[in-house]
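Worksheet: one structure, shown below.
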Amino acid sequence: MLSLTGRCRCSLALSLVLSACCVFLFCEYGIYFPAILRCSWPEMKRSEGSPRPLRALFLSDPHLLGAIRGHWFDKLRREWQMERAFQTAMWLLKPEVVFILGDVFDEGKWSSTKDWEDDVRRFKQIFRHPADTELVVLIGNHDVGFHHEMTRYKLERFEKVFNVTSARILTKREVNFLLVNSVALHGDHCPICQSVENDLYSLSQALNCSTQSLHSGSMKHRCMDMQTYASTPPIILQHYPLYRVSDAECTGVDAAPPNERYQHFHERYDVLSQDASKMLLWWFQPRLILSGHTHSGCEVFHGNRIPEISVPSFSWRNRNNPSFILGSFSQSDYALSKCFLPEESSVIAVYCGSAMALALITLGHLSLFRGALHTANAILGKQKSL
């Protein structure tokens, strides 16, 4: 009887441990696969003989915690979630280029050299990628500070690590992406702001020369020494959204909560100023704008014709339902789709439900064990009395 009881206890303990391990593996590894397998690259109409569209993945606002803010477990948990989600997406979707639209770090604006190096090391671990995938990182206000906190040192530190400049055109398969340091578009003619505006103006002239015919002599002379790009309107990528009054027009499951949606945005803090927004639209006439910063999803149209997509935060610290954007691009067309990641509340529900189930199974087995033990004792007692 004692040997049988011991075997039952060992079997129960082993079953509980294996069940707990299975739940852990599913919640920390497996749950990302069914979520991302539901996503696919958006299809575009292609003429016969046209090149395959460029496949690009867009995410925003990871906000890797630094040495000052946040509990150590919060940091560990959020970075693990982002790493598993990103690595699963890389393995299943295989994008050609990944754009992170700023606020890579939460404390870049005040981190010391030592803390900065540790943050960069962790970033490279989380967002490691195959050699045939290009990773492009844009500047956000938490990376270098808001306008009044941004210094040349912080800016150059970021640019050196991520090989990015405050104004640049990246052309991939005849698709122009305009990368903008929107933190510097404050409009007060500070040295950094003025330099970025000058670079943007030069890029706009070069794009204008690339997209328009050069029949007139004056146009040929003006464009003679300019760099040429693909003859297609650009896609603007930046951290701050262009100016809009609020998120009142935004809809969808990842839009801002109703209590925040109607709050008016502050120019140069929540969104770009009206002047900076008009400048970008006038100079570049983009066909699409992708931005971050608000941590919520939104789609608006500027001038009733130019769409802007606000990409939600990639961190579960900022959202219960993070997501990223998948884009297929050709020289004349594009298509976008959104890929939602597992909800934090669903993971917690699985853990809690599993814990309750295991607890009930344990209590059930203990009750049976006690009942069997009581019956055995009663039988033994009767035999002794005989």
Salt bridge (charged side-chain N to carboxylate O under 4.0 Å, His left out) partner of Glu344, the single match among Arg78, Arg317, Arg319: Arg78
salt_bridge(Lys278, Asp275) N-O dist < 4.0 Å: no
Can we say Glu96 and Arg52 salt-bridge, meaning some charged N sits less than 4.0 Å from an Asp/Glu carboxylate O? yes
Kindly say whether Glu343 contributes a backbone atom to a donor-acceptor pair with the side chain of Asn320 at under 3.5 angstrom? no
Testing the basics here: between Arg287 and Ser332, what is the closest heavy-atom pair and its distance to 0.1 Å? NH1-C, 3.7 Å
Would you mind reporting whether Phe86 and Met90 have side-chain heavy atoms less than 4.5 Å apart? yes
Side chain to side chain contact (heavy atoms under 4.5 Å, CB included) between Tyr334 and Val175, intermediate numbers included: CA-CA 10 Å; Tyr334 68 86; Val175 179; over 6 Å; no
Parallel, tilted or perpendicular: which one describes the rings of Phe146 and His293, with boundaries at 30° and 60°? perpendicular
Can a donor-acceptor pair be found, under 3.5 Å and without considering hydrogens, that links the side chain of Ser346 to the backbone of Pro342? no
Heavy-atom closest pair (His239 atom, Ser291 atom, distance to 0.1 Å) is O-CB, 3.8 Å
Could you tell me whether the side chain of Glu299 and the main chain of Pro307 form a donor-acceptor pair under 3.5 Å? no
For Pro42 and Ser328, which heavy atoms make the closest approach, and how far apart are they? O-OG, 2.8 Å
Distance-only polar pair, side chains of Glu28 and Gln81, donor-acceptor under 3.5 Å: no
Between His295 and His63, does any side-chain donor sit less than 3.5 Å from a side-chain acceptor? yes
Transitively linked via ILVMFWY side-chain contacts under 4.5 Å: Tyr153 with Val183? no
From CA spacing to verdict: side chain to side chain donor-acceptor pair (under 3.5 Å), Asp199, Ser202: CA-CA 5 Å; Asp199 290 342; Ser202 298; 5.5 Å; no
Indicate whether any N or O donor in one side chain lies under 3.5 Å from an N or O acceptor in the other, for Asn176 and Thr232. no
Pairs under 3.5 angstrom only: tabulate donor-acceptor contacts from the side chains of residues 158-167 to other protein residues two or more places apart or in another chain.
{"from": "Glu159", "atom 1": "OE2", "to": "Ser166", "atom 2": "OG", "distance (Å)": "3.2"}
{"from": "Thr165", "atom 1": "OG1", "to": "Ala167", "atom 2": "O", "distance (Å)": "3.3"}
{"from": "Ser166", "atom 1": "OG", "to": "Asn181", "atom 2": "ND2", "distance (Å)": "3.1"}

According to a 4.5 Å side-chain heavy-atom criterion applied to Ile, Leu, Val, Met, Phe, Trp and Tyr, with indirect links allowed, do Ile309 and Leu54 form part of one hydrophobic cluster? yes
Taking only distance into account, with no hydrogens and no angle test, what donor-acceptor pairs under 3.5 Å do side-chain atoms of residues 128-136 form with protein atoms, sequence neighbours excluded?
{"from": "Arg128", "atom 1": "NH1", "to": "Glu83", "atom 2": "OE2", "distance (Å)": "2.7"}
{"from": "Arg128", "atom 1": "NH1", "to": "Gln125", "atom 2": "O", "distance (Å)": "2.5"}
{"from": "Arg128", "atom 1": "NH2", "to": "Glu83", "atom 2": "OE2", "distance (Å)": "3.4"}
{"from": "His129", "atom 1": "ND1", "to": "Phe127", "atom 2": "O", "distance (Å)": "3.2"}
{"from": "Thr133", "atom 1": "OG1", "to": "Pro95", "atom 2": "O", "distance (Å)": "2.9"}
{"from": "Glu134", "atom 1": "OE1", "to": "Lys172", "atom 2": "NZ", "distance (Å)": "2.8"}

Keeping the roles fixed (side chain from Arg122, backbone from Leu65), state whether a donor-acceptor pair exists under 3.5 Å. yes
Less than 3.5 Å apart, any donor N or O on the side chain of Thr251 or Arg261 sitting next to an acceptor on the other? no
Check this for me: does any side-chain nitrogen of one of Asp333 and Lys45 sit under 4.0 Å from a carboxylate oxygen of the other? no
Only one of Leu341, Asp61, Ile100 passes side chain to side chain contact (heavy atoms under 4.5 Å, CB included) with Phe314, and that residue is Leu341
Does Trp110 share a hydrophobic cluster with Val104, counting links as ILVMFWY side-chain heavy atoms below 4.5 Å and allowing steps through other members? no
Evaluate whether atom NZ of Lys124 has more than 12 neighbouring non-hydrogen atoms of other residues, nucleotides or ligands under 6.0 angstrom away. no
Modelled atom types, side-chain donor and acceptor of Gln285 and Arg305, under 3.5 Å: yes
Sub-3.5 Å donor-acceptor pair from the side chain of Asn208 to the main-chain atoms of Ser204, do we have one? no
Aromatic ring proximity, centroids under 6.0 angstrom, Tyr243 and Phe265: no
Mark yes or no: Arg77 above the aromatic ring of Trp316, with NZ or CZ under 6.0 Å from the six-membered ring centre and no more than 45 degrees from the axis. no
Passes ring-ring contact (aromatic ring centres under 6.0 Å, His included), Phe324 versus Phe340? Steps please. CA-CA 7 Å; Phe324 55 83; Phe340 285 95; 9.5 Å; no
Counting distance only, does the side-chain N/O of Lys75 pair as donor-acceptor with the main-chain N or O of Leu64 below 3.5 Å? no
Counterpart residues, side-chain contact (heavy atoms from CB on, under 4.5 Å), relative to His71 (two or more places apart): Phe73, Asp74
Does either side chain, that of His302 or that of Glu308, offer a donor lying less than 3.5 Å from an acceptor on the other one? yes
With a cut-off of 6.0 Å (strictly less than), are more than 12 heavy atoms of other residues, nucleotides or ligands near CH2 of Trp80? yes
For residues Leu280 and Gln238, determine if any side-chain heavy atom of one lies less than 4.5 Å from a side-chain heavy atom of the other. yes
Evaluate side chain to side chain contact (heavy atoms under 4.5 Å, CB included) for Cys190 paired with His147, printing each intermediate quantity in order. CA-CA 9 Å; Cys190 74; His147 171 263; 3.4 Å; yes
Is the closest side-chain heavy-atom distance between Leu326 and Arg55 below 4.5 Å? no
Indicate if Leu101 and Leu93 have the same hydrophobic cluster label, given that clusters are the connected sets of ILVMFWY residues with side-chain heavy-atom separations under 4.5 angstrom. no
Could you state whether Trp91 and Ile126 fall into the same hydrophobic cluster, counting links through intermediate Ile, Leu, Val, Met, Phe, Trp or Tyr residues with side-chain heavy atoms under 4.5 angstrom apart? yes
Val144 vs Lys109 side-chain heavy atoms within contact, under 4.5 Å: no
Please step through side chain to side chain contact (heavy atoms under 4.5 Å, CB included) for the pair Phe301 and Ile306, ending with a clear verdict. CA-CA 5 Å; Phe301 286 85; Ile306 300 175; over 6 Å; no
Non-hydrogen side-chain atoms of Ile236 and Leu288 separated by less than 4.5 Å: no
Where do Phe284 and Leu207 land on the side chain to side chain contact (heavy atoms under 4.5 Å, CB included) test, with the steps shown first? CA-CA 8 Å; Phe284 293 100; Leu207 269 177; 3.7 Å; yes
Should Leu290 and Val311 count as side-chain neighbours, where that means a heavy-atom distance under 4.5 Å? yes
For atom CD of Glu156, decide whether the heavy atoms of other residues, nucleotides or ligands shown that lie under 6.0 angstrom number more than 12. yes
Check whether any side-chain N or O of Asp103 sits under 3.5 Å from a backbone N or O of Asn141 as a donor-acceptor pair, and report yes or no. yes
Measure the shortest side-chain to side-chain distance between Ser323 and Cys339 over non-hydrogen atoms and say whether it is less than 4.5 angstrom. no
Ser195 side chain to Pro191 main-chain N or O, any donor-acceptor pair under 3.5 Å? no
Would you indicate whether the side-chain heavy atoms of Ile169 and Leu178 approach each other to under 4.5 Å? yes
Walk me through it: do Asp270 and His264 pass the test side chain to side chain donor-acceptor pair (under 3.5 Å)? CA-CA 9 Å; Asp270 300 310; His264 283 203; over 6 Å; no
Distance in Å, Asp143 CG paired with Ser111 OG, rounded so as to fall on 0.5 Å steps: 9.5 Å
